[in-house]
Amino acid sequence: MDNTNKLKIFNDPIYGFITIPNPLIYDLIQHPYFQRLRRISQMGLSYLVYPGANHTRFHHALGCLHIMQKAIQVLRFKNTIISPEEENALYIAILLHDIGHGPFSHAMEHSIVEDVHHEEISLLFMNKLNVEFGGQLSLAIQIFKGEYHRKFMLQLISSQLDMDRMDYLKRDSFYSGVEEGKINSDRLIQMMNVVDDVLVIEEKGIYSVEKFLMARRLMYWQVYLHKTSLVAELTLTNILKRAKELYQKGIPITCSENLFYFIQNKISLADFNDDILDKFAQLDDTDIVGAIKQWQSHQDFTLSSLSKMIINRDLLKIKMNEDKFSKEQVQDLTEQFSKENNIGIHEAKYFVFKGKIRNQAYSKSAEPIRILKKDGVIEDVALISDQLNLRALSKQVTKYFICFPKQLNKI
């Protein structure tokens, strides 16, 4: 095939035209593993709250590729030497950073696979593609794993101010319509520099960094940890757990072949081989939504009731609090629901449960966002910002919640 045919452009609602830099990137985008991301929503069940939030992980990965191109341009302009091999490795690593996401990723990580995180699956996919592509992904994998000596390259892919966060904040705020998440990624990228192989932001970019961190905090409370999205995701986790439990009890469960494989088997990271990876690659949102639609009419009260809740958006009630809810409150509501519906306490626990969520826009324990001052001194942004709220942003905020069916006595 003529390679010039592979230098295509995508039209993106956020950045305008995104160009594919070379034929290898084109071939990776064309690969079935990557095309699968077109069928995986970036924001899971957030569309139940924000109807526009239907964009996919495919969109997001291309956006990350685009801003990585911009970042490399800026850094080279400021005399950071990046070889063509390193440039390409950065493109590959950012393009594939989320390739391991399953459908409704966070619900899946707690139900279908046994605590296997998407980063670990991304690495498995990258290794498999590296074999297929004759070792052309080796440097990208090294950077992705943090094993490459040039530290700033990992920071561009995974840090508190990376291309991934920059794209998803801009994109998710655009599609959800939540203005508070808007960030000026162009300005942030223009302010980037590298000193001693470490990524820094020039001092005049400090307000853009503050705005970025504030946007992240607001997007977490308003979108990612929105109580309705949260209760929907927890309900989905419970649906998948219940389906697994019924199968183990010998009760028939119908769903797509690929999803059934993961319901039948306990899959941990150690179990993943090429065959299982291929089965995982066949899973997307349609498998889950199709199964839940079917399970609405399942004979099991728990599975069918929970499935109807998601399909009809008639969800459990969720209450948030600064303080923990007591075990007694949960117990009373569980017993009440069990009596009213003539089901066991074990089943009732699928409908009544408590938990907590945490939000921390900036972590002091993680790799800091470094500001390069005019006098050449490099400082952690939290220390030199004149905004008191930046110190507040690095404090972890915990909120407690309880979920229960709407018809129960109010708390």
(Q) Would D380 and Y362 count as a side chain to side chain donor-acceptor pair (under 3.5 Å) here? Give the steps. (A) CA-CA 11 Å; D380 181 336; Y362 183 67; 2.6 Å; yes
Side-chain donor-acceptor pair present, [X], [Y], cut-off under 3.5 Å:
| X | Y | value |
| --- | --- | --- |
| Q35 | R38 | yes |
| H118 | E109 | yes |
| S268 | D271 | yes |
| N130 | S138 | yes |

Q: Start with the C-alpha gap between L283 and M108, add the side-chain angles, then the distance that decides, and say whether side chain to side chain contact (heavy atoms under 4.5 Å, CB included) holds.
A: CA-CA 11 Å; L283 280 180; M108 291 250 336; 4.0 Å; yes
Q. Hey, do the aromatic rings of F404 and F353 have their centres closer than 6.0 Å?
A. no
(Q) Would L124 and L269 count as a side chain to side chain contact (heavy atoms under 4.5 Å, CB included) here? Give the steps. (A) CA-CA 10 Å; L124 295 172; L269 188 62; 4.1 Å; yes
Q: Just do the ring pair (Phe, Tyr, Trp, His ring centres under 6.0 Å) check on F337 and F351 with the steps written out, would you?
A: CA-CA 8 Å; F337 190 70; F351 298 88; 4.7 Å; yes
Q) Between H97 and H60, does a ring pair (Phe, Tyr, Trp, His ring centres under 6.0 Å) hold up when you go through it step by step? A) CA-CA 10 Å; H97 77 282; H60 164 61; 5.2 Å; yes
Give me the atom names and distance for the closest heavy-atom approach of [X] to [Y].
| X | Y | result |
| --- | --- | --- |
| I310 | A232 | CD1-O, 3.3 Å |
| M192 | I201 | CG-CD1, 3.8 Å |
| N22 | L7 | CA-CD2, 3.6 Å |
| I72 | E87 | CD1-CG, 3.9 Å |
| L199 | L161 | CD2-O, 4.4 Å |
| L259 | I112 | CD1-CD1, 3.9 Å |

[X]: which residues meet the ring-ring contact (aromatic ring centres under 6.0 Å, His included) condition with it, sequence neighbours left out?
| X | answer |
| --- | --- |
| F260 | Y247 |
| F104 | none |
| F401 | none |
| Y15 | H66 |

Above 12 or not: heavy atoms from other molecules or residues under 6.0 Å from [atom1] of [X]?
| X | atom1 | value |
| --- | --- | --- |
| N11 | CG | yes |
| K249 | NZ | yes |
| E147 | CD | yes |
| K244 | NZ | yes |
| K211 | NZ | yes |

May I ask you to decide whether [X] forms a salt bridge with [Y], counting only side-chain N to carboxylate O separations under 4.0 Å?
| X | Y | value |
| --- | --- | --- |
| R57 | D285 | no |
| E367 | K151 | yes |
| R370 | E379 | no |
| K128 | D278 | yes |
| D284 | R36 | no |
| K6 | D27 | yes |
| E202 | K78 | yes |

Q: Compute both the distance and the angle, then confirm whether K308 meets the cation-pi test with W295: under 6.0 Å from the six-membered ring centre, within 45 degrees of the axis.
A: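 Output no; distance or angle outside limits.
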(Q) Under 6.0 Å from the ring centre and within 45 degrees of the ring axis: does the NZ or CZ of K279 meet both conditions for the six-membered ring of Y261? (A)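 Yes, a cation-pi geometry holds between K279 and Y261.
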Q) Would a 4.5 Å heavy-atom cut-off, applied to side chains only, mark M309 and I292 as touching? A)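 Side chain of M309 against side chain of I292, heavy atoms only: no contact under 4.5 Å found.
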Q.
With a 4.5 Å cut-off on side-chain heavy atoms, are M163 and I157 touching?
A. no
Q) Which of these passes side-chain contact (heavy atoms from CB on, under 4.5 Å) with S307: K293, Q296, H298, R242? A) Q296
Q: Would you please classify the geometry between the Y50 ring and the H226 ring as parallel, tilted or perpendicular, with 30° and 60° separating the classes?
A: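 Aromatic pair H226/Y50 classed perpendicular.
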Q.
Please evaluate residues Y47 and L45 with respect to the criterion side chain to side chain contact (heavy atoms under 4.5 Å, CB included), reporting the C-alpha separation (whole Å), side-chain torsions for both, the decisive distance (0.1 Å), and the verdict.
A. CA-CA 5 Å; Y47 66 84; L45 291 162; 3.7 Å; yes
Q | Criterion side chain to side chain contact (heavy atoms under 4.5 Å, CB included) on S363 and Q160, from CA distance to verdict | A | CA-CA 8 Å; S363 166; Q160 297 205 70; 3.9 Å; yes
Q: Would you list the pairs meeting ring pair (Phe, Tyr, Trp, His ring centres under 6.0 Å) in which at least one residue belongs to residues 166-203, sequence neighbours left out?
A: H55-Y175, H59-Y175, Y168-Y224
Q | Pair listing, ring pair (Phe, Tyr, Trp, His ring centres under 6.0 Å) test, anchored in residues 121-163, at least two apart | A | Y33-F125
